[in-house]
Amino acid sequence: MVKTVWIGDVQKGMHDGTSVELKGWVKRTRGSNKIRFVVLRDSTGTIQCVGKRETLGDSMFDLLKSMIIETSVVLHGSIRVDERADGGHELDITQVELVGPVNSERPFPITEADMLVEDEDGELTYGGTEHTLNHRHLYLRTTRATTMLKLRSSAFGAIHGYFRGQDFLEYQAPNFVAGAVEGGSTLFEVPYFGKQAYLTQSWQLYAEAAMPALERLYTIAPSFRAEKSRTRRHLTEFWHAEMEMAWATNDDIMAHGEGVVRHVAKTLLEEREEELTYLERDLELIARYADTPYPRIRYDEAVETLQNKGVQIEWGQDLDYSKEKILTQDFDVPHFLTHYPKVAKPFYHRVDPDDENYVLCHDLLAPEGYGEIIGGGERTWSEEEILQRIDEEGTPREPYQFYIDVRSYGGVPHGGFGLGVDRVVSWLAGATHIREVIPFPRTSRRVTP
RNA sequence: GCCGAUUUAGCUUAGCUGGUGGAGCGUGGGACUGUUAAUCCCAAGGUCGUGGGUUCGAGCCCCACAAUCGGCGCCA
């Protein structure tokens, strides 16, 4: 039963002239009553398989003819180099085994036409129709979806590789929580044995609790935010790569943020050149994201730049997406925005000791209009300061008692960041929408399938 | 929460000033071919999102509702 021959390897020339059995799914068929071409697909690629009536015999040839799109099959035969076949290799079929049939009255509902839908501006959109979203479980088999999932896998691997290579420990926090990290309005409420619980928005508060124990820690875990955002960069459930580090400054943390993003870009180039090429990504561009240092500018400079460009903005205002987009136009690699005004950020950000109007924080903005991919900074670490900041904001102390306690027993300077993994993949893949890079996207209007 | 748009066959769509709907893909049948999203012929498949209104007559005009999509705010 174990599969030993992979189509990707066949197309690399690893089985030329040998007899093999190929297991996979029918992607497409064409042919006549005498010769039949079956394009077979597996997770590693596609290959054209040829069957002739005169060699297969009538019953097996008719069986081959009955295999419609997405039928699962085992095809036996020999591999031959053939320029006429896409990919350069071909299987001469000698035996046909039907594994899982497809009922022709209910054929595979995703067709080529679904892949090539133009919006009003003539731009192609992918998998964004109601039909493809309703059939997401089947849409995943399409080349584009599979390609995205491969990039995603490599990105996850790269993040783990980066942090483990830097001696960070992987650490898990609960997903049921009692308090908010961000604003309370974006919490998903969950009934919890007669009490009110929420789905976590971030691993951070629990990571800070473990910071004095582990000192360098990270995770990749889902976070949940009940934002009714309707944009191409928002999900209600997204995968959050977060790190927390003791004895670290804002600059130290940014260095890791830059390090991990560049490492993801580098890994995709190494592991997924074929997929990036399929997506028509400019490999030199990705190489630049991997090799070039990311500039750091302060909030004040950003505001000044925007004002010089004639954008209406006042000091103290948060930088929304439209303004981020104008800023990113000046950069061809991601760049950091640092030192936001205290009034624009929540209590856990540490106030800059050099100027109490600012906090020691940073956002990393991706180019090409993809926007914020990292938010992080130094944490308010002394007990007095955290109590003062919580009270200032009018946030109740009670749900955060454990968070305050951490500071009562040997608090130290520390910080960390959260990275939107889906956003990073979306950006590096050049996706038209973030839902392209996650198998079952959760948005404000969809939880199914 | 705000703004805009869409809804016609399983899917993608065309539809003229209002006069009972065309195509491509897919599916079935046939022809033909070392085919490349094959090609050619034929067939099945539509209460035009739902409800109401205007009209002699509504896919098309008006109202309501629903679903979906796109953008903004907010964020990763």
Side-chain angles (χ1 to χ4, degrees), chain A residues 27-39 46 48-52 65-66 68-70 80 82-87 90 92 102-121 123 125 128-135 138-139 143 181-183 185-186 201-204 222-242 257 261 317-325 344-346 363-366 370-376 417-427 432-435 443-446:
Chain A
K27 185 176 175 64
R28 190 146 211 108
T29 64
R30 43 184 176 258
S32 69
N33 242 331
K34 295 173 188 157
I35 184 167
R36 191 106 191 129
F37 300 94
V38 174
V39 179
T46 61
Q48 175 163 284
C49 307
V50 195
K52 293 176 179 166
K65 267 184 79 179
S66 76
I68 59 176
I69 291 176
E70 288 306 312
R80 185 167 38 71
D82 195 321
E83 284 180 4
R84 293 171 295 185
D86 197 18
E90 197 167 75
D92 275 324
V102 174
N103 184 345
S104 66
E105 285 173 20
R106 289 195 307 120
F108 194 66
I110 312 285
T111 63
E112 292 294 331
D114 300 323
M115 306 301 127
L116 299 166
V117 180
E118 289 185 17
D119 64 19
E120 303 108 44
D121 307 324
E123 302 250 328
T125 61
T129 64
E130 187 175 6
H131 177 72
T132 47
L133 289 168
N134 286 341
H135 294 83
L138 302 177
Y139 177 77
T143 311
V181 179
E182 309 294 341
S185 62
T186 65
Q201 297 172 305
S202 169
W203 162 96
Q204 180 195 323
S223 285
F224 306 88
R225 295 193 187 168
E227 293 161 358
K228 287 183 182 167
S229 310
R230 297 190 50 77
T231 78
R232 62 185 61 198
R233 10 173 242 296
H234 279 88
L235 295 165
T236 53
E237 174 180 358
F238 67 97
W239 285 80
H240 210 171
E242 297 183 81
V261 173
Q317 229 181 311
D318 210 346
L319 300 175
D320 60 43
Y321 180 62
S322 63
K323 299 183 184 69
E324 282 179 5
K325 226 154 86 174
K345 292 287 176 180
D363 284 352
L364 181 63
L365 307 183
Y370 282 90
E372 189 174 341
I373 51 175
I374 280 182
F417 66 77
L419 172 151
V421 183
D422 318 275
R423 282 189 179 179
V424 169
V425 178
S426 179
W427 157 56
T432 57
H433 194 290
I434 195 166
R435 72 174 156 237
T443 58
S444 59
R445 297 209 187 167
R446 182 178 285 277

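In this text the structure is predicted, and so the values were computed from the model without any measurement. Below, chain A is the first sequence line, B the second, and so on; all start at residue 1.
Within 4.0 Å of A/Ser322, counting heavy atoms only, lie sugar-phosphate atoms of the nucleic acid but no base atom. If you check every strand for non-hydrogen atoms under 4.0 Å, A/Arg106 touches nothing. A/Asp82 comes within contact range of at least one nucleobase, with a heavy-atom separation under 4.0 Å. Within the nucleic acid shown, A/Leu235 comes within 4.0 Å of at least one base atom, counting heavy atoms only. When heavy atoms are screened at a 4.0 angstrom cut-off, A/Val39 is found touching no nucleic acid atom at all. Heavy atoms of A/Gly31 sit under 4.0 angstrom from at least one base atom.
With hydrogens and angles ignored, a donor-acceptor pair closer than 3.5 Å exists between the side chain of A/Arg423 and the base of B/rC75.
Stacking between A/Phe238 and B/rA76 is present: the aromatic ring centre lies within less than 5.5 angstrom of the base six-membered ring centre, and the two planes differ by under 30 degrees.
When atom types are taken as modelled, the side chain of A/Glu242 and the backbone of A/Trp203 share a donor-acceptor pair closer than 3.5 angstrom. The closest donor-acceptor contact from the side chain of A/Arg225 to the backbone of A/Gln201 lies under 3.5 Å.
The phosphate of B/rC75 has neither OP1 nor OP2 within less than 4.0 Å of any side-chain N or O from A/Arg233. At B/rA31, one or more side-chain N or O atoms of A/Asn33 fall inside 4.0 Å of OP1 or OP2 (strictly under the cut-off). For A/Arg28 and B/rG26, the shortest distance from a side-chain N or O to OP1 or OP2 is below 4.0 Å. In this structure, A/Arg30 reaches the B/rA38 phosphate: one of its side-chain N or O atoms is under 4.0 Å from OP1 or OP2. Here A/Arg36 does not reach the OP1 or OP2 of B/rC32: none of its side-chain N or O atoms lies under 4.0 Å away. Contact between the side-chain N/O atoms of A/Ser229 and the OP1/OP2 oxygens of B/rC72 is not found at any separation under 4.0 Å.
A 3.5 Å limit on both hydrogen-bonding distances identifies B/rC11 as the Watson-Crick or G-U partner of B/rG24.
RNA chain B is contacted by both A/Asp363 and A/Ile69; A/Ile69 maps to the nucleotide lying nearer its 5′ end (nearest heavy atom per residue). Nearest-nucleotide mapping onto RNA chain B: of A/His234 and A/His433, the residue sitting toward the 5' end is A/His433.
Looking only at atom types and distance, the side chain of A/Ser426 has no donor-acceptor partner in the side chain of A/Arg233 under 3.5 Å away.
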